[in-house]
Every structure is written in structure tokens, then in C-alpha cells.
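Taking it in order: structure first as C-alpha cells, then the write-up.
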Amino acid sequence: MADNRVVQGRMQTPESLAELIEGESVMDAEPIEDADRECPDCGENVLAVGYMPSALEFVTGYKCQECDWSEIDRD
């Protein structure tokens, strides 16, 4: 899978996508993947990125490619 993806018309790296979802800087991010689900708001494609917002936490963030919808899976 490509490292960079277009989200809402802008090219995003894994780190920049994670920061867009988290709302602040992240320590590290894994490659962006297709989440194999549709956005609950607009029905478009959803992307997933695993990242570390801190040294002690790993989460998966989901972001619609076309609208503002996002979600964070924190267990």
C-alpha cells in the first residue's frame, strides 16, 4: 500500500493523517491502510492508521477520505 494518501483533497503522510485524527502531534505512525468500511456520514471510503500519541499508548485512527468524520479506537 502507498505511504501517502489523498484525504479531503490534500496529500497526507501516515504521520500527518494521525495528527489530523488526533488533533496534536504523534510520536510514530504505521502505513495508511484501507479500513474496508464506509463513512457513516457520507458513505465514502475510510482509511485507517495505527499510531502512538505517546510512548505508552498505541491506537488506531479512522478518517474519511472525503469529509470531516474521524474516529479513534482506544482500548
Glu66: what forms a side chain to side chain donor-acceptor pair (under 3.5 Å) with it, not counting sequence neighbours?
none
Return the set of residues passing side chain to side chain donor-acceptor pair (under 3.5 Å) with Tyr51 (not counting sequence neighbours), or none when no residue passes.
Glu22
Would a 4.5 Å heavy-atom cut-off, applied to side chains only, mark Lys63 and Leu17 as touching?
yes
Under the side chain to side chain contact (heavy atoms under 4.5 Å, CB included) test, which residues partner Asp68, sequence neighbours left out?
Gln8
Which heavy atom in Pro31 sits nearest to a heavy atom in Pro14, and how many Å separate them?
CA-CG, 4.1 Å
Glu30: side chain to side chain donor-acceptor pair (under 3.5 Å) partners, not counting sequence neighbours
none
Here the salt bridge (charged side-chain N to carboxylate O under 4.0 Å, His left out) pairs for residues 35-60, sequence neighbours left out, are Arg37-Glu71, Glu57-Arg74
Specify the closest pair of heavy atoms between Gln65 and Val6, including all atoms of both residues, with the distance to one decimal.
NE2-O, 2.8 Å
How far does CG of Asn4 sit from CZ of Arg10, to the nearest 0.5 angstrom?
13.5 Å
Say you draw a straight line from CZ of Arg5 to CG of Asp34; how long is it, rounded to the nearest 0.5 Å?
4.5 Å
So Asp73 and Val59, do their side chains get closer than 4.5 Å, heavy atoms only?
no
Do Ile72 and Leu47 land in one hydrophobic cluster if side-chain heavy atoms of ILVMFWY residues count as linked below 4.5 Å?
yes
Which pair of non-hydrogen atoms, one from Gly50 and one from Phe58, has the smallest distance, and what is that distance?
CA-CZ, 3.6 Å
Within the structure provided, determine whether Cys64 and Ser70 are in side-chain contact (heavy-atom separation under 4.5 Å).
no
Mind checking whether Ile32 and Leu20 sit in one hydrophobic cluster, side chains of I, L, V, M, F, W, Y counted as touching below 4.5 Å?
yes
Run the side chain to side chain donor-acceptor pair (under 3.5 Å) test against Gln12 and tell me which residues pass, sequence neighbours left out.
Ser16
For Val49 and Ala29, the nearest pair of non-hydrogen atoms, with its separation, is CG2-CB, 4.3 Å
Linked, directly or transitively: Val7 and Tyr62 (ILVMFWY side chains, under 4.5 Å):
no
